[in-house]
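In what follows, a single structure is set out as structure tokens and then discussed.
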Amino acid sequence: MDEAENTNNDMSSAPKTAATIGSSLIPVINKLHDILASSGTELSDISVPQVAVVGSQSSGKSSVLETLVGRDFLPRGCDICTRRPLVLMLENRPPSSDDDSVEWGEFRHLPGRRFYDFSQIRQEIQAETEREAGCNKGVSEKQIRLKISSPNVLNMTIIDLPGITKVPVGDQPSDIEARIRRMIMAHINNENCIILAVSPANSDLATSDALQIAKLADPSGSRTVGVITKLDIMDRGTNACNFLLGRVVPLKLGYVGVVNRCQEDIYKNRSIQEALSYEEQFFHDHPVYNGVSDRCGIPQLAKKLNQILEQHIRKDLSRLKAVLNSRMQVAMKELQTYGDVVESKAEQGATLLHILRRYCDDFSAMVDGKSQEMSTKELFGGARIRYLFQSMFVKLLEEVDPCEKLGDEDIAYALRNSPGLRNVLFVPEVPFEVLVRRQIAQLSDPCHQCLWIVYDELIKISQTCEATGLQRFPSLRKHINEVVRKFLDAAAKPAETMIRNLIEMEMDYINSSHPSFIGGSKAVELAVQQMRSSKERLDIEKVPTSVKGQISQTVAARSVMNGVSNQGNHPQSNNERPVLAGGGSSSTSKWGISSIFGSKASSRGPAATESPEETLHQAEHMPPTIQLREPPSILRPLEMSDNEATEITVTKLLVKSYFDIVRKNIQDLVPKAIMHFLVSHTKRNLHNTFIQILYRESLFEELLQEQDGVVAKRKHAKELLRVLRQAVKTLNEVESDVEFQHRTTNLGVDASPGLPKFPDLINRKRSSSNMPSSGKHRARKLLYSEEPPSSFSSNVGLQY
Ligand SMILES: Nc1nc2c(ncn2[C@@H]2O[C@H](COP(=O)(O)OP(=O)(O)OP(=O)(O)O)[C@@H](O)[C@H]2O)c(=O)[nH]1
């Protein structure tokens, strides 16, 4: 049995299910890596199973990777070589008659260019490293992505990370160690990352940087594989057997010892094939390692890694699928907001009509409380208007004092002025009407304020309306806003007129026959009763007679109106005697008012305006002839008789009763007017107005001018969605494949495509017969239902 066959047997001894599944799963995960990477940083947070190689500088990481690939293509040396993370996607391409011997690499930053010469791949890695990290040993965390397609590699994705270093050299910053450690941790902290911890056997393994940093990210050691390099140059008399057996630093996934090419081999261009043969011989000849051959050599490492990775992927599949599906939903929603590209006039017209219709529907839905966007945190849309009507407007009117700004004195003068020259025999109607009109007029302001607040609310609602796609047409949004404002301005006018009319109607005709109106006789009866009872109360309290009259009048009037009179506005109090504007004096006589209660009302005529003292003094200096002096320019008789006080009370009762009727009418009719002329009118007619003003072919171009950046965002969202769809499809295919494998395994059919021929690395002997063809063909057919992976680009379906 030759070496190749020997190793082939090793491979086929791997558990069948794992090998079967892994060989189809890993390319899919590789494909997924590529798909997600093609979206830039957008999907970089979706973690996909991968392997990362960590270790101190020059520990042999790149050498291990190279041997796994079987080709020289990585910068290697005693100095720092790996200065940027290198994501290496190894893809086993099944050999075919025409190109089975061809292997190539392809960089993500050079899409479509295949590198058949692997020394050129090394040069490109060096050049690309220098482009980002400079020429003098600097490091950068920006990845280089390289795909190797070959019939001779195992499927897996491995990331080669810069080695841990202690002392800064060249252009390296002083905190180089911390930086590199951070970069490594960023990769290996991911639970989906298998850590390949590479430690050189010629230094103290117990203090290995690789094992130490791996332990930080994976304390249980459940996803760390230990690799011990340079077993060939250990101190004579020592060996790494205890490490390989996990007796020093235990790792659940175990260790593999390897022997790579030394620097001299590299200088002498010793091939990897030769190196693998040498390694094979080394372990075979070594008395200690011979007993642990399953833990020695690159082929064992490749097999181990492949199996671990595929098991890991299997466990992670459902989570990954769920993440991709939810991201796809988000991307679809985002794409929807950008809408479709509209170019022809017909499409533009249809889009415009659709947006205007949706806008009006949204507007109505917000007013009617049927909006999908309804807030659960605060009152919104129509509910705000209802709150305004019911809890603010109606309540405000309810609180209006019917005798607001209507003091006893105001009423008294109204009563005194209203008969003019005549004497009054009955309860004066004219002053009541004058006063009640004055009070009704005060309702006008809150009614108009209510209208304008509703107007503002409608503007707010209109601004909240974001019909699908509207946000990408700023010009249309602007025009819609203008039309809405003009529409509401126009609608507010008849509403305003209606409110004015309502108030004027109430003022123009005082319906004293209204069934709810208290009426004159009832008011008089009530007033007399109240006056009497308040007088009695004052007598009991033995209030000094001198003030009793005045107090009783005022108190009576006040008690009837529940304190409505505004005494504070009137300077006349017990201590303040009459104000004699124009230099007149006070008078105790009544002036000009009589009523059915007032039979004793003074008939003396206008009160003398001088004080008694002044009158006496003047009498002493009486002019020789009798002379009627001119009255002062302002006459204000001040004393209030009992009758007057009663009349004031009666008038207040009448005003209050009638004002209550008007208030109810206004509370009811003003919201109705606002609803009719403004709110409902908008709901009914805004759409027609939009059509009349905006739906014009000549305006299409301008209105549907897309916002800057929307075109780019749509393109980006489309690409993202395409990538996600592809990723989900890929995973669906995996599921079918796993199911297929499961079914065929249960039926006892060997559907295994088998593990790729890694051992072929040793003698580069390629034979497609090593791939169980029928099962492989079936599985592949399922996996690549559209097209076999004949090339890197078509395989991953990327559009570079
Ligand atoms: N003798 C011997 N030399 C080895 C072995 N593995 C690696 N080397 C040598 O060690 C040096 C460093 O190897 P690299 O593979 O470049 O190490 P690295 O860890 O990738 O280095 P950086 O990427 O710079 O951190 C090279 O000269 C290799 O030839 C081994 O198993 N035996």
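Numbers here are sequence positions counted from 1.
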Would you check if the side chain of His354 reaches a backbone N or O of Ala350 as a donor-acceptor pair within less than 3.5 Å? no
So CG of Leu488 and NE2 of His681: to nearest 0.5 Å the spacing works out to 8.5 Å
As a quick check of understanding, evaluate salt bridge (charged side-chain N to carboxylate O under 4.0 Å, His left out) for Glu457 and Lys460, giving each step before the final call. CA-CA 5 Å; Glu457 287 297 326; Lys460 263 190 227 159; 3.3 Å; yes
Just so I know, are the side chains of Ile499 and Ile674 near enough to count as touching, which here means a heavy-atom distance under 4.5 Å? yes
Is the closest basic N to carboxylate O distance between Lys656 and Asp660 below 4.0 Å? yes
Which pair of heavy atoms, one from Pro494 and one from Ala490, lies closest together, and at what distance? CD-O, 3.0 Å
Report yes or no: does Gln667 contribute a side-chain atom to a donor-acceptor pair with the main-chain N or O of Val394 at less than 3.5 Å? yes
Test your reading of the model: is there a side-chain donor-acceptor pair from Ser326 to the backbone of Val323, 3.5 Å cut-off? yes
Hey, is the main chain of Tyr338 close enough, under 3.5 Å, to the side chain of Arg472 for a donor-acceptor pair? yes
Looking only at non-hydrogen atoms, find the nearest pair between His479 and Leu694 and report the distance. CB-CD2, 3.7 Å
For the residue pair Ile461 and Phe363, establish whether any side-chain heavy-atom pair is separated by less than 4.5 Å. yes
For residues Arg477 and Asn481, is any side-chain donor paired with an opposing acceptor at under 3.5 Å? yes
One should read off an interatomic distance between Asn688 CG and Leu356 CG, to the nearest 0.5 angstrom, of 11.5 Å
Apply side-chain contact (heavy atoms from CB on, under 4.5 Å) to Leu686 and Tyr359, showing your working. CA-CA 10 Å; Leu686 183 61; Tyr359 180 93; 4.2 Å; yes
Can you check whether Asn665 reaches Leu502 side chain to side chain, under 4.5 Å on heavy atoms? no
Work out which heavy atom in Ile440 is nearest to a heavy atom in Met507; give both atom names and the distance. CG2-CG, 3.6 Å
Step by step, work out the side-chain contact (heavy atoms from CB on, under 4.5 Å) result for Asp368 and Lys683. CA-CA 10 Å; Asp368 297 339; Lys683 273 168 56 187; 2.8 Å; yes
Atom CZ of Phe659 and atom CD of Gln442: how far apart are they, to the nearest 0.5 Å? 7.0 Å
Is any side-chain heavy atom of Val454 less than 4.5 Å from a side-chain heavy atom of Phe393? no
Apply side-chain contact (heavy atoms from CB on, under 4.5 Å) to residues Leu654 and Phe517 and explain how you reach the verdict. CA-CA 8 Å; Leu654 294 175; Phe517 184 50; 3.7 Å; yes
Short side-chain to backbone donor-acceptor contact, Ser680 and His676, under 3.5 Å: no
Would you call Lys672 and Met675 a side-chain contact if the rule is heavy atoms closer than 4.5 Å? no
Over 12 non-hydrogen atoms of neighbours within 6.0 angstrom of NZ in Lys345: yes
Min side-chain heavy-atom separation Ile480-Leu470 under 4.5 Å: yes
Distance from Ile666 atom CD1 to Ile661 atom CD1, nearest 0.5 Å? 12.5 Å
Checking Arg438 against Val434 for the side-chain contact (heavy atoms from CB on, under 4.5 Å) test, could you report, in this order, the C-alpha distance in whole Å, the side-chain angles of both residues, the deciding distance, and whether it holds? CA-CA 6 Å; Arg438 216 173 86 182; Val434 169; 5.7 Å; no
Looking only at heavy atoms, the pair that brings Val670 and Cys447 closest together is CG2-SG, 3.6 Å
Is it the case that the side chain of Ser475 and the backbone of Glu702 share a donor-acceptor pair, with hydrogens and angles ignored and the cut-off at 3.5 Å? yes
What's the shortest heavy-atom distance between Leu397 and Pro446, and which atoms? CD2-CG, 3.9 Å
Checking Ser657 side chain against Leu653 main chain: does a donor-acceptor pair fall under 3.5 Å? no
With a 4.5 Å limit on heavy-atom distance, are the side chains of Phe487 and Asn685 in contact? yes
Looking at every heavy atom in both His448 and Glu496, which two are closest together, and how far apart are they? CD2-CG, 3.5 Å
Can you tell whether the side chains of Glu433 and Arg437 come within less than 4.0 Å, N to carboxylate O? yes
Distance (rounded to the nearest 0.5 Å) between Met392 CE and Arg384 CZ: 9.0 Å
Return the NZ to CG distance between Lys652 and Leu435, rounded to the nearest 0.5 Å. 10.5 Å
Note, Tyr455 side chain near Arg485 side chain (heavy atom, < 4.5 Å): yes
Check the angle between the aromatic planes of Tyr658 and Phe432 and answer parallel, tilted or perpendicular using the 30° and 60° thresholds. perpendicular
